[in-house]
Colleague: 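The structure's right below; bear with me while I get my questions together.
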2 protein chains.
Amino acid sequence: MNQLLSPRQVAAAIGVSESSLKRWCDQGLLSTVKTAGGHRRIPVQEALRFVREQNYAVVEPRLLAMPGTDNRKARRIENCAQRMVEELLGNNEQACQAIVFDLFLAGQPVSQIFDEVISLAFRMIGEKWERHEAEVYQERCSCQIALRILHELRSKQTPPDSGLVALGATIEGDQYSLPVMMSEIVLRAAGWDARLLGSSIPFDSMAKAIQQHKPEMFWLSVSFVPDESAFIAGLNRLFEVASKLNTAVVIGGRALTTEIRTRLRYSAFCDTLRHLEEFAKTLRRRTEVGPKKTHKPRKKG
Amino acid sequence: MNQLLSPRQVAAAIGVSESSLKRWCDQGLLSTVKTAGGHRRIPVQEALRFVREQNYAVVEPRLLAMPGTDNRKARRIENCAQRMVEELLGNNEQACQAIVFDLFLAGQPVSQIFDEVISLAFRMIGEKWERHEAEVYQERCSCQIALRILHELRSKQTPPDSGLVALGATIEGDQYSLPVMMSEIVLRAAGWDARLLGSSIPFDSMAKAIQQHKPEMFWLSVSFVPDESAFIAGLNRLFEVASKLNTAVVIGGRALTTEIRTRLRYSAFCDTLRHLEEFAKTLRRRTEVGPKKTHKPRKKG
DNA sequence: CACGAAAACATTCAAATCATTCATTTTAAG
DNA sequence: CTTAAAATGAATGATTTGAATGTTTTCGTG
């Protein structure tokens with residue numbers, strides 16, 4: 001589903017002349033593919049990357065295969081979570097989409113959108129539920145909406161080409177799929193070939209996956225721990241397996257209290273998706289540069 | 001393995017018009033074989049060479065995803081499930097997508113694609129798992145792939161305009177989201193404004209949802225029953241609430257054995273999604289036509 | 001084998017895109 | 001403020017693309 005756009009379409013979408021856009025293509029600011037007849041074609045993901053990086057205002061989002069945006073041009077992230085809560089509980093999917101995609105088009109890092117809007121919104125919904133101001137079904141329905149938005153967002157990312165591989169999952173009994181899907185998107189944005197295995201996966205099966213795929217990273221979003229001691233034992237066992245294959249074990253999630261963490265072995269812990277992004281970028285640099293240096297010894301920091 | 005492709009197939013694969021592709025053939029950019037009747041046939045390797053040489057972005061990767069299949073034969077639904085299983089376990093998302101979308105574009109009803117390809121494929125994966133031929137993580141990963149395909153499919157549907165409203169869910173403890181999502185798509189295809197509440201919803205909250213939204217239908221996909229007597233009691237309670245508001249309660253799913261069903265109260269039971277579709281269409285006609293006829297009394301069947 | 005629907009053919013034509021040039025606007029430096 | 005450099009966007013004629021047309025071929029089915 002790799003949509004291609006003509007220079008005219010992209011030019012119209014960002015409100016700029018066709019001439020300029022073609023010049024930018026030729027300068028390499030936008031990578032294009034060419035038809036056999038020599039016409040330029042721009043992959044949507046590439047157009048979106050350009051828009052986000054150059055901070056261009058998108059005049060016609062529909063031309064970029066994006067859902068229509070809110071005209072309020074809410075490019076500021078501050079009050080978005082509050083609005084998101086209202087629109088989620090009101091079952092207003094379009095408005096929710098608009099909030100997220102406006103921020104995305106405005107160039108906000110996905111990690112920040114997730115931390116400061118989506119995660120926050122669901123925390124607020126959780127609090128509302130505790131105060132009996134929201135029903136369970138409303139929370140679940142909101143999850144469905146968010147899931148669809150995440151899918152949409154994922155499909156708009158530049159597909160990973162030949163990056164490092166990361167596998168991700170949630171532990172057995174943990175059914176919260178939103179956080180682990182957000183992690184996947186963040187890792188892909190950071191240049192990783194992140195592959196989500198799914199929710200509720202036994203530790204033994206995770207170990208099998210590591211042995212069979214030999215990823216550079218294995219990440220775990222932990223939103224709920226059904227059995228604390230089993231979790232600790234399982235994760236430490238997993239860390240053993242991963243260590244032997246040079247797989248970094250990264251953990252995060254609201255269920256990981258300080259108390260639990262002290263009894264765990266892992267390569268990195270991330271409090272937020274922003275942390276995850278930072279860590280992923282660092283690890284990528286190290287891992288990619290590292291091997292090249294082996295045959296040319298240098299002193300290390 | 002000298003598979004031949006028609007110009008249309010190659011054109012679709014690289015996202016250009018048939019006209020252009022044929023022109024390129026005639027210009028010699030693609031060498032073709034001709035049938036006795038003068039139709040162009042393009043060898044797969046020639047198409048691949050062209051794609052690589054032109055540095056062309058593959059829009060519809062069917063060509064690369066399933067180099068061994070002929071489109072006409074691929075559209076026959078019989079062997080799709082078997083191929084689907086292989087591609088799912090091989091983590092080959094594009095090939096899976098190709099299978100489903102080929103059928104969809106060929107005009108197969110979604111209900112049939114789901115019953116005879118996706119559901120069947122997962123049943124086969126389940127059997128493989130029982131024989132220790134597949135890992136848990138592979139099954140979960142396959143679920144993720146299927147979820148993404150369903151999302152894609154859903155986004156391709158014409159959004160429901162002003163149809164009758166249906167709410168759907170799975171019961172508390174039942175985390176199988178694939179069947180309930182397929183139901184949603186089927187209902188939407190049948191003209192309903194189907195809204196999936198989500199997975200694992202307590203009966204009390206379902207009742208709240210019915211009271212607040214007053215849908216014409218409430219459907220339940222039951223793939224797993226954690227507590228049989230609680231389920232029976234809960235559903236019968238739900239049926240009471242629904243009856244008062246003229247909401248039809250429709251149930252289905254592999255966990256509903258005959259034994260359980262005899263103790264349940266419901267408006268309809270559907271063994272397959274095909275049944276669901278049929279029932280939804282019937283109910284829609286009745287419900288839409290019904291009110292208009294009230295002032296013109298007739299004898300009923 | 002014959003039939004009929006779906007696919008492919010050749011051809012035409014309007015619309016889109018190309019490379020290039022040039023006037024105008026914006027930016028930056030003096 | 002002036003001026004030069006850089007960026008933008010409109011205009012040009014040639015080329016490419018894709019949709020539409022009516023006819024012919026292919027292929028599964030009876």
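Here the structure is a predicted model, which is why all the values come from computation and not from measurement. The sequence lines fix the lettering, A, B, ..., with proteins before strands; numbering per chain opens at 1.
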Colleague: Quick one: salt bridge (charged side-chain N to carboxylate O under 4.0 Å, His left out) partners of B/D193, sequence neighbours excluded?
Modeller: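 So B/D193 forms a salt bridge (charged side-chain N to carboxylate O under 4.0 Å, His left out) with B/R195.
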
Colleague: If you check the A/R41 side chain, which of C/dC18, C/dT17, C/dC9 turns out closest?
Modeller: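 Comparing C/dC18, C/dT17, C/dC9 against the side chain of A/R41, the answer is C/dT17.
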
Colleague: Taking 4.0 angstrom as the limit, do A/E152 and A/R148 come out as a salt bridge?
Modeller: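 No.
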
Colleague: Residues two or more places apart in sequence or in another chain: which of them pass salt bridge (charged side-chain N to carboxylate O under 4.0 Å, His left out) with B/E130?
Modeller: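 Partners of B/E130 under the salt bridge (charged side-chain N to carboxylate O under 4.0 Å, His left out) test: none.
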
Colleague: Taking only residues at least two apart or on different chains, which pairs with a member in residues 6-26 of chain A satisfy ring-ring contact (aromatic ring centres under 6.0 Å, His included)?
Modeller: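 For residues 6-26 of chain A, and leaving out neighbouring residues, the ring-ring contact (aromatic ring centres under 6.0 Å, His included) pairs sorted by first residue read A/W24-A/F50, A/W24-A/Y56.
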
Colleague: Side chain of A/P7, heavy atoms from C-beta onward: which of C/dC18, C/dA16, D/dG18 has the nearest atom to it?
Modeller: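 For A/P7, the side-chain atoms sit closest to C/dC18.
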
Colleague: Excluding sequence neighbours, so at least two apart, what forms side chain to side chain contact (heavy atoms under 4.5 Å, CB included) with A/K281?
Modeller: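 Per chain and number, A/K281 pairs via side chain to side chain contact (heavy atoms under 4.5 Å, CB included) with A/A190, A/E277, A/R285.
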
Colleague: Between D/dA19 and B/S19, counting only base atoms on the nucleotide and side-chain atoms on the residue, is there a donor-acceptor pair under 3.5 Å?
Modeller: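 Answer yes: a donor N or O sits under 3.5 Å from an acceptor.
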
Colleague: Can you name the residues that form a ring-ring contact (aromatic ring centres under 6.0 Å, His included) with A/H275, not counting sequence neighbours?
Modeller: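 Residues passing ring-ring contact (aromatic ring centres under 6.0 Å, His included) with A/H275: none at all.
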
Colleague: Examine D/dT26: is either OP1 or OP2 under 4.0 Å from a nitrogen or oxygen in the side chain of B/T35? Give yes or no.
Modeller: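 Indeed, a polar side-chain atom of B/T35 lies that close.
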
Colleague: Can you find a donor-acceptor N/O pair under 3.5 angstrom joining the side chain of A/S6 to the base of C/dA16?
Modeller: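 Answer is no: no donor-acceptor pair is held.
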
Colleague: In whole angstrom, what separates A/I14's CD1 from D/dG9's C1'?
Modeller: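 These atoms are roughly 14 Å apart.
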
Colleague: Cation-pi check for B/Y176 against B/R254: NZ or CZ below 6.0 Å from the six-membered ring centre and within 45 degrees of the axis, yes or no?
Modeller: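 B/R254 over B/Y176 ring: yes.
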
Colleague: Looking only at side-chain N and O atoms, does A/K22 come under 4.0 Å of OP1 or OP2 in C/dT17?
Modeller: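 Checking A/K22 against C/dT17: no side-chain N or O falls below 4.0 Å of OP1 or OP2.
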
Colleague: Any protein N or O atoms within reach of nucleotides 5-7 of chain D? Criterion: under 3.5 Å, listing atom names and distances.
Modeller:
none

Colleague: C/dA8, OP1 or OP2 - any side-chain N/O from B/R40 closer than 4.0 Å?
Modeller: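 The answer is no; no side-chain N or O of B/R40 sits under 4.0 Å from OP1 or OP2.
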
Colleague: Sorted by first residue and then second, give each salt bridge (charged side-chain N to carboxylate O under 4.0 Å, His left out) pair with at least one member in residues 31-45 of chain B; sequence neighbours left out.
Modeller: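 Non-adjacent pairs meeting salt bridge (charged side-chain N to carboxylate O under 4.0 Å, His left out): B/D26-B/R40.
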
Colleague: Separation of B/L29 atom CG from D/dT16 atom P, in whole Å?
Modeller: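 Distance, rounded to whole Å: 10 Å.
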
Colleague: Which nucleotide, D/dT8, C/dA8, C/dC18, lies nearest any side-chain atom of A/S20?
Modeller: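 Closest nucleotide among those given: D/dT8.
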
Colleague: Measure the distance from CG on B/D26 to P on C/dA8 and round it to the nearest whole Å.
Modeller: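 That distance rounds to 15 Å.
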
Colleague: Would you mind reading off the bend of the helix from C/dC1-D/dG30 to C/dG30-D/dC1 from its two end axes, five pairs each, to 10 degrees?
Modeller: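 End-to-end axis angle for the helix from C/dC1-D/dG30 to C/dG30-D/dC1: 50°, rounded to 10°.
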
Colleague: Which residues pass the salt bridge (charged side-chain N to carboxylate O under 4.0 Å, His left out) test with B/E127, sequence neighbours left out?
Modeller: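 Per chain and number, B/E127 pairs via salt bridge (charged side-chain N to carboxylate O under 4.0 Å, His left out) with no residue.
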
Colleague: In whole angstrom, give the distance that lies between atom CG of A/L21 and atom P of D/dG9.
Modeller: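 Atom CG in A/L21 sits about 10 Å away from atom P in D/dG9.
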
Colleague: In whole angstrom, what separates A/I42's CD1 from C/dT17's C1'?
Modeller: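 Distance, rounded to whole Å: 12 Å.
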
Colleague: Side chain of A/H39, heavy atoms from C-beta onward: which of C/dC9, D/dT16, D/dG18 has the nearest atom to it?
Modeller: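 The answer is D/dT16, which lies nearest to the side chain.
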
Colleague: Measure CD/B/E18 against P/C/dA10 and give the value in whole Å, please.
Modeller: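 Computing the B/E18:CD to C/dA10:P distance gives 11 Å.
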
Colleague: May I have the distance from B/L5 (atom CG) to D/dT26 (atom C1'), rounded to whole angstrom?
Modeller: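 Nearest whole value for this atom pair: 16 Å.
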
Colleague: Would you call B/R83-B/E86 a salt bridge at under 4.0 Å N-O?
Modeller: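 Not counted as a salt bridge, because no side-chain N and carboxylate O are separated by less than 4.0 Å.
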
Colleague: Out of C/dA19, D/dA10, C/dA16, which has the shortest distance to the side chain of A/R8?
Modeller: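 Of the options given, the side chain of A/R8 lies nearest C/dA16.
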
